[in-house]
Amino acid sequence: MDKMNIRPLLRGSLSFVPGIRKFLPRRGTGGTDSAEYCYEVWLKHLTLLWENGMSAIPRTLAELGPGDSIGIGLAALLSGTDHYYALDVVRYWDPGLNIGIFDRLVELFRRRAPKQPGGWPDYDRYLDHGCFPGHILTERVLRRSLSPARIAMIRRVLSDPSCAAPPIKIKYMVPWTDESIIEAESVDVIISHAVLEHVEDLDKTYQALRSWLKSAGMMSHQIDLRSHGLTKKWNGHRACPEWLWKIAKGRREYFINRQPCSVHIELLKKHGFRIICDLKAFRTDGIEREQLASSWKHLSDEDLSCSGLFIQTCKE
């Protein structure tokens, strides 16, 4: 068995103590507290969606698990999206943080900031000489999406989500519990980034995502299949016996579900999604097959070594 780090065990154990969670500091999700991170994540999903058949900036976008800020959704709004739904299980909404990230995003888009080198999956070959998706976010598109009036509307809604500033609409829904929270067949594109590995009921979630999408609507998900630092080895979470995993998980609002790549693909097909992009990252420095806990002995060699999945789909 791979060793589990002590901190997640302590945190999980403490969560069983009645009333203690209100005294524990709430941990951020990491990433979306940076405008640069949100900018690059959005450009990645946007560019690869475009390469796989999307032909217009989505008017309505839903994001699962925005985390510390709604920066990825704000980047979409600055690209021309009008309606944005943010769905999470824990409330992180901070008007000051969101406005600060928004203002920084405006700067990045105005100067067509290049994406930083590296990252997975690589999509540099689809960008212009300035490492920017200028073929998608053309001068005409950005002239409209970055107009002073539109920027003022987005800032107004960020400051007061209840105000009316057509056509801009931002809906932050926490916690979301069932698919009725969004009108059926009303969303053009759904995205998530390092989120679906945390979802407890994947079957129900993929069902909800299908319900929200319009006919021929698209999805883009990057799924991190590593242990998120819970164990010494990147895939050591599948060496943990169930009793130990339950202690580490405790009563937290979310954890990681340990489901492998193949489960996501099977569920997407079950719910009527056509896979149009299926990129996998592999590693060979994890635990060996003989170290797997009994509940994970059935894993295929591919699932055992797959550390990440970037997948895009179209609703059939």
[X]/[Y] ion pair, N-O < 4.0 Å:
X: D103; Y: R155; result: yes
X: D188; Y: K214; result: yes
X: E36; Y: R104; result: yes
X: D122; Y: K115; result: no

Non-hydrogen side-chain atoms of [X] and [Y] separated by less than 4.5 Å:
X: S69; Y: D33; value: no
X: W42; Y: L78; value: no
X: L46; Y: L137; value: yes
X: K315; Y: L209; value: no
X: Y37; Y: H193; value: yes
X: L127; Y: P133; value: yes
X: I170; Y: P161; value: no

D224 side chain to E197 main-chain N or O, any donor-acceptor pair under 3.5 Å?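 Side chain of D224 to backbone of E197: no pair is present.
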Any donor-acceptor pair under 3.5 Å linking the side-chain atoms of [Y] with those of [X]?
X: K233; Y: Q291; answer: no
X: H264; Y: Y206; answer: yes
X: S192; Y: H221; answer: yes

Spacing of R274 atom CZ and M219 atom CE [to the nearest 0.5 Å]: 12.5 Å
Candidates M218, Q312, E51 - the one meeting side chain to side chain contact (heavy atoms under 4.5 Å, CB included) with C277: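 When M218, Q312, E51 are each tested with C277, the side chain to side chain contact (heavy atoms under 4.5 Å, CB included) holds only for Q312.
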Tell me if the CZ atom of R140 is crowded by more than 12 foreign heavy atoms within 6.0 Å. no
Which heavy atom in L225 sits nearest to a heavy atom in Q259, and how many Å separate them?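 Residues L225 and Q259, closest heavy atoms: CD2-O, 3.5 Å.
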Between L304 and W234 the two heavy atoms that sit nearest each other are O-CH2, 3.5 Å
For residues 292-299, run the donor-acceptor check on the side chains, cut-off 3.5 Å, and write out each pair with its distance to 0.1 Å, sequence neighbours left out.
from, atom 1, to, atom 2, distance (Å)
S295, OG, E242, OE2, 2.9
K297, NZ, E290, O, 3.3
K297, NZ, L292, O, 3.0
H298, ND1, S295, O, 3.3

Within one Ile-Leu-Val-Met-Phe-Trp-Tyr cluster: L64 and I191, side-chain cutoff 4.5 Å: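 Hydrophobic grouping puts L64 apart from I191.
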Using ring centroids (six-membered ring only for Trp), state whether H45 and Y123 fall under 6.0 Å.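 Between Y123 and H45, the centre distance exceeds or equals 6.0 Å.
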Parallel, tilted or perpendicular, as decided by the 30° and 60° cut-offs, for the rings of W93 and Y172: tilted
